[in-house]
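Numbering of ligands and ligand atoms starts at 1, following listing order.
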Amino acid sequence: MRLILLGPPGAGKGTQAAFIVEEFNIPQISTGDMLRAAVKAQTPLGIEAKKVMDAGGLVSDDLIIGLVRDRLQQADCENGYLFDGFPRTIPQADALKEANVSLDYVIEIDVPAEQIIERISGRRVHPASGRSYHIKFNPPKVEGKDDLTGEDLIQRDDDSEETVRNRLDVYQNQTRPLVDYYSSWAQSGDANAPKYIKIEGVGSVEEIRNRILEALKS
Ligand code: AP5
Ligand code: ZN
């Protein structure tokens with residue numbers, strides 16, 4: 001299984017990725033998680049990326065494409081992969097196409113902007129794993145602690161309301177064009193084109209999970 005999860009910030013890509021990678025036993029390639037790990041380790045890439053991420057902008061295509069190219073070389077990608085938060089621009093999607101990276105599905109999770117602000121403002125994350133919770137909609141078993149490790153949960157630096165509004169604008173301008181890019185490719189009759197599935201992202205975590213898994217099995 002090779003797929004892309006596409007959707008605005010806070011749509012639930014990371015939340016749903018966890019179920020899909022478990023179901024199909026594939027790695028989750030989240031460029032956001034990879035960048036946050038680089039920021040934490042204070043690598044040159046991390047230091048450069050932090051400023052852009054805190055402002056809600058996009059890290060340069062060249063850096064991201066290099067990061068993903070290296071990640072795909074690793075042995076665990078042989079049986080498939082799930083891209084979460086990548087590609088995010090037309091040049092990133094073109095880079096995948098030019099490298100003949102095969103894809104079975106593009107899944108778009110559609111959530112209206114008002115719900116996104118509410119989802120992101122209540123988000124708490126476990127930095128080491130990227131697992132995310134919500135204080136109201138998806139609470140951890142023990143308040144403020146990760147279910148699996150018991151370690152502290154934090155709020156992401158880019159989850160302030162101002163940065164989230166900026167991230168939503170950046171999504172509309174730079175990432176949303178990929179909806180057309182992939183849906184028209186899917187309809188073009190090209191045998192290499194991934195199938196395009198749009199999932200209604202309003203509903204409980206469990207409902208969205210079932211919608212996605214049913215669509216992937218049919
Ligand atoms: P990234 O980490 O990819 O952030 P994002 O795309 O903005 O998405 P989020 O992680 O905020 O949301 P999500 O869809 O994963 O939602 P989640 O499941 O957590 O990128 C961060 C930054 O890195 C970017 O801004 C950019 O600077 C840089 N970057 C990353 N990739 C890049 C790239 N390819 N190119 C350039 N720059 C790049 O859910 C959100 C909340 O809602 C949680 O609290 C969750 O519990 C809750 N929730 C989930 N589902 C539901 C539900 N059904 N009902 C109610 N609540 C729900
Ligand atoms: Zn995420």
Side-chain angles (χ1 to χ4, degrees), residues 4-20 28-39 45-46 48-69 71 82-93 95-96 107-127 129-140 146-147 153-160 163-176 178 199-212:
I4 291 173
L5 273 189
L6 182 65
K13 300 182 297 294
T15 303
Q16 296 300 330
F19 301 126
I20 301 170
Q28 174 184 358
I29 303 182
S30 159
T31 43
D33 285 348
M34 290 159 84
L35 291 169
R36 281 183 287 278
V39 169
L45 165 73
E48 198 176 328
K50 176 147 176 63
K51 284 176 264 167
V52 180
M53 293 169 79
D54 284 352
L58 292 183
V59 175
S60 83
D61 288 332
D62 286 349
L63 280 179
I64 296 288
I65 290 164
L67 205 63
V68 171
R69 189 184 298 126
R71 182 66 186 83
L82 177 153
F83 290 117
D84 161 8
F86 174 88
R88 236 177 168 93
T89 62
I90 301 271
Q92 291 179 19
L96 273 186
I107 299 181
E108 178 196 349
I109 307 182
D110 187 32
V111 178
E114 322 79 75
Q115 290 224 3
I116 282 171
I117 305 283
E118 196 184 6
R119 286 188 186 188
I120 290 188
S121 57
R123 169 162 57 190
R124 299 292 181 273
V125 298
H126 177 238
S129 66
R131 269 187 290 282
S132 67
Y133 300 86
H134 190 283
I135 49 174
K136 191 158 119 200
F137 304 128
N138 187 20
D146 177 49
D147 286 352
L153 301 178
I154 59 151
Q155 271 192 287
R156 264 168 52 175
D157 289 342
D158 60 347
D159 277 355
S160 70
T163 305
V164 171
R165 294 206 182 273
N166 205 14
R167 285 160 59 200
L168 284 170
D169 283 348
V170 169
Y171 177 79
Q172 283 302 330
N173 296 329
Q174 303 207 53
T175 308
R176 203 152 190 291
L178 294 179
I199 298 283
E200 166 62 64
V202 176
S204 69
V205 169
E206 197 60 23
E207 279 165 348
I208 315 303
R209 169 182 184 263
N210 291 338
R211 280 175 209 159
I212 294 177

>> Can you name the atoms of ligand 1, numbered from 1 with element, that are less than 4.0 Å from a heavy atom of Ser132?
In response: 17 (P), 18 (O), 19 (O)

> Is Asp33 in polar range of ligand 1, meaning some N or O pair under 3.5 Å apart?
Replying inline: no

>> Looking at every non-hydrogen atom in both residues, tell me the closest pair between Ser132 and Asn138 and how far apart they are.
In response: O-ND2, 3.6 Å

> Just which atoms of ligand 1 are under 4.0 Å from any heavy atom in Asn138?
Replying inline: 46 (O)

> Can you list the atoms of ligand 1 that are under 4.0 Å from a heavy atom of His134?
Replying inline: 44 (O), 46 (O)

> Quick one: does Gly201 get an N or O within less than 3.5 Å of an N or O on ligand 1?
Replying inline: no

> Tell me: protein heavy atom nearest atom 19 (O) of ligand 1, and distance?
Replying inline: Arg123 NH1, 2.6 Å

> Which of the atoms in ligand 1, numbered in the order shown and given with their element, are less than 4.0 Å from a heavy-atom of Arg36?
Replying inline: 2 (O), 21 (C)

>> Need the ligand 1 atom indices (1-based, order shown) with element for anything under 4.0 Å from a heavy-atom of Ile208.
In response: 53 (N)

> Considering only heavy atoms, which of Phe137, Tyr133, Tyr171 lies nearest to atom 44 (O) of ligand 1?
Replying inline: Tyr133

> Can you find an N/O atom of Ile64 closer than 3.5 Å to an N/O atom of ligand 1?
Replying inline: no

> Just which atoms of ligand 1 are under 4.0 Å from any heavy atom in Ser204?
Replying inline: 53 (N)

>> If the contact criterion is a heavy-atom separation under 4.0 Å, does Gly10 count as touching ligand 1?
In response: yes

>> If I apply the N/O under 3.5 Å rule, does Met53 come out as touching ligand 1?
In response: no

> Which of the atoms of ligand 1 are close to Gly85, meaning less than 4.0 Å from one of its heavy atoms?
Replying inline: 31 (N), 32 (C), 33 (C), 34 (N)

> Who's the nearest protein heavy-atom neighbour of atom 4 (O) of ligand 1, and how far?
Replying inline: Arg156 NH2, 3.3 Å

>> Give me the residue, atom name and distance of the protein heavy atom closest to atom 53 (N) of ligand 1.
In response: Gly203 O, 2.8 Å

> Which residue owns the protein heavy atom closest to atom 8 (O) of ligand 1, what's the atom, and how far is it?
Replying inline: Lys13 NZ, 3.1 Å

>> To check your reading of the model: name the closest protein heavy atom to atom 16 (O) of ligand 1, its residue, and the distance in Å.
In response: Gly12 N, 3.2 Å

> Is there at least one pair of N or O atoms, one from Arg88 and one from ligand 1, spaced under 3.5 Å apart?
Replying inline: yes

>> Under 4.0 Å from a heavy atom of Gly14: which atoms of ligand 1 are those, numbered in the order shown and with their elements?
In response: 13 (P), 15 (O), 18 (O)

